*Asks:* 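Below: one structure in structure tokens.
Residue numbers start at 1 and run along the sequence shown. Whatever order the structure lists them in is the order used to number ligands and atoms, beginning at 1. Computed from a predicted structure; not experimentally measured.
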Amino acid sequence: MSFREDFLWGGATAANQYEGAYDADGKGLSIADVEKGARHGVPRQIHDQVYPGNYYPSHEAVDFYHRYKEDIALFAQMGFKCFRMSINWPRIFPRGDEEEPNEAGLAFYDRVFAELRRYDIEPVVTLSHYETPLYLVQHYGSWRSRKLIDFFVRYCQVVFERYKNQVKYWMTFNEINETMNQKQPYHQAGILFKEGEKKADVVLQASHNMMVASAKAVILGHEINPDFKIGCMLQYPMTYPATCCPKDQLAKKYHMMPDFYYSDVMCRGYYTNTCTAQQKRLGGTFTQEPGDQEILRQGTVDYIAFSYYFSSVARYAGPEDQILVGEKNPYLERNAWDWHIDPLGLRLSLNELYDRYQLPLFVVENGLGAIDTVKEDGTIEDDDRIAFLSAHIKALKDAVELDHIDVMGYTSWGCIDIVSVGTGEMRKRYGYIYVDKDDEGKGTLARKKKKSFDWYKKVIASNGEDLSV
Ligand code: BGP
């Protein structure tokens with residue numbers, strides 16, 4: 001058993017980090033468009049509007065909006081079978097609550113999908129990847145409000161109908177499980193907590209609203225085109241117990257409960273015991289409406305997409321079931337942003353997910369964020385990236401060949417250098433293609449192949465058999 005013949009090899013991006021053209025052709029502002037750039041360890045500032053004189057990395061990003069033909073031609077040269085991208089929600093509904101979509105926004109994605117099809121590249125589309133319209137955040141409180149369900153479903157209806165013959169693979173919310181894991185679930189849910197509000201209630205309500213919206217989108221998508229494959233998307237938090245003390249194993253379980261909260265509902269169609277236990281641990285309440293349970297039951301996903309970058313260590317630190325996460329794993333190296341490098345963790349993640357849900361898996365993000373140097377002769381020798389990817393794809397191959405796991409595809413993150421979501425930096429690069437732009441926004445935006453470009457081309461051409469570095 002090796003990778004299937006139709007294995008989806010490719011690369012992944014998100015509109016807010018890649019497209020630029022933040023106000024072109026009628027586009028409204030997204031939550032990403034008011035976020036400033038920062039540095040490792042320094043949080044990004046979030047503004048309430050665009051203030052002149054500030055640098056907002058999403059505004060130009062690396063200008064896929066105007067350079068999509070050049071970029072897609074490069075992806076085709078690498079032999080991509082698929083390309084993961086997101087639709088920028090406020091390009092289609094600039095405020096988010098309109099009745100009618102913005103035709104110019106839809107026309108942009110017509111052009112992109114047509115270009116991908118020219119090269120037989122299958123689009124894999126995320127419906128919401130940190131691009132919630134800012135207007136919905138400011139006028140409705142974002143996913144706190146059930147109204148967002150209708151706005152999101154209307155947006156899905158428009159894009160499903162428009163692209164039903166161009167796009168087969170969809171995902172609803174990027175890394176939805178981060179809604180519960182972040183101090184402020186701004187990227188995932190458009191939420192910054194307000195004074196006096198009970199965070200647990202807000203998180204549970206927003207999560208419920210998003211999962212109902214996702215289930216409705218799945219039901220609707222299958223009505224519009226029964227061939228659609230619609231997945232959920234998680235950040236997989238591979239976790240090891242700090243020691244073989246049973247309490248550390250319990251710490252691992254507790255650490256991962258908030259993540260399974262989402263996949264349990266989206267894959268199984270109901271709030272499982274893990275979910276109700278997690279609600280209790282969190283100490284929050286939320287409201288469901290009649291009919292919600294049926295929607296969740298009917299709108300389960302076709303596959304599980306996930307990102308995998310690193311693993312963590314959990315230690316039990318009672319009393320009261322306290323857990324500590326974040327300590328260093330002495331068996332692993334770390335990257336310049338302090339993320340553990342753990343290829344075997346990817347194989348274990350695939351096993352854990354498949355054992356739990358028995359649904360096809362799609363690794364839609366993985367990669368090494370690193371600082372690349374352009375040598376005097378213009379070459380970029382990103383050997384560390386090649387070593388990282390080779391080891392991770394080998395682990396993926398083992399999961400398929402040795403553990404018999406059903407994996408649909410692999411799209412490495414940031415196949416072309418794009419803006420980092422964590423810091424807004426450009427210097428944290430993941431690409432096979434270098435983009436000339438720095439953290440202040442200066443540069444020609446010219447594209448240049450790195451050494452990894454030909455390496456990945458070889459991997460795809462051999463359907464993952466030749467991983468030599
Ligand atoms: C994931 C996001 C991506 C991406 C990636 C890398 O959480 O889905 O949008 O950016 O992480 O993170 P960063 O850009 O901070 O290196």
*Asks:* Return the residue, atom name and 0.1 Å-rounded distance of the protein heavy atom closest to atom 11 (O) of ligand 1.
*Replies:* E365 OE1, 3.6 Å
*Asks:* Provide the number and element of each atom of ligand 1 under 4.0 Å from a heavy atom of K428.
*Replies:* 13 (P), 15 (O), 16 (O)
*Asks:* For ligand 1, which atoms have a heavy atom of S420 less than 4.0 angstrom away?
*Replies:* 13 (P), 14 (O), 15 (O), 16 (O)
*Asks:* Could you check atom 5 (C) of ligand 1 against the protein and tell me its nearest heavy-atom contact, residue, atom and distance included?
*Replies:* Y309 OH, 3.2 Å
*Asks:* Which label fits F83 and F64: parallel for a plane angle under 30°, tilted from 30 to 60°, or perpendicular past 60°?
*Replies:* tilted
*Asks:* Using distance alone, determine whether V421 and ligand 1 share an N or O pair under 3.5 Å.
*Replies:* yes
*Asks:* Is the backbone N or O of N174 less than 3.5 Å from a side-chain atom of S128, with the two atoms forming a donor-acceptor pair by type?
*Replies:* no
*Asks:* Do ligand 1 and W339 have nitrogen or oxygen atoms that lie under 3.5 Å from each other?
*Replies:* no
*Asks:* Should you measure from each heavy atom of G422, which atoms of ligand 1 turn up under 4.0 Å away?
*Replies:* 13 (P), 14 (O), 15 (O)
*Asks:* What protein heavy atom sits nearest atom 6 (C) of ligand 1, and how far away is it?
*Replies:* Y430 OH, 3.5 Å
*Asks:* Between N16 (side chain) and E131 (backbone), is there a donor-acceptor pair under 3.5 Å?
*Replies:* no
*Asks:* How are the rings of H208 and Y271 set relative to one another: parallel (under 30°), tilted (30 to 60°) or perpendicular (over 60°)?
*Replies:* parallel
*Asks:* Please write down residue, atom name and distance for the protein heavy atom closest to atom 7 (O) of ligand 1.
*Replies:* E175 OE1, 2.6 Å
*Asks:* Would you indicate whether the side-chain heavy atoms of V112 and Y163 approach each other to under 4.5 Å?
*Replies:* no
*Asks:* I want to know if ligand 1 touches T423 in the polar sense, i.e. an N/O pair below 3.5 angstrom.
*Replies:* no
*Asks:* How far is atom 10 (O) of ligand 1 from its nearest protein heavy atom, and which residue and atom name does that atom have?
*Replies:* Q17 NE2, 2.9 Å
*Asks:* Please work out whether the ring planes of W9 and F3 are parallel, tilted or perpendicular, with thresholds of 30° and 60°.
*Replies:* perpendicular
*Asks:* Can you find a pair of side-chain heavy atoms, one from R385 and one from R429, that are under 4.5 Å apart?
*Replies:* yes
*Asks:* Tell me, do Q279 and F286 make a side-chain contact under 4.5 Å, heavy atoms counted?
*Replies:* yes
*Asks:* Pick one of side chain, backbone, both or neither for how H129 approaches ligand 1, counting any non-hydrogen atom pair under 4.0 Å.
*Replies:* side chain
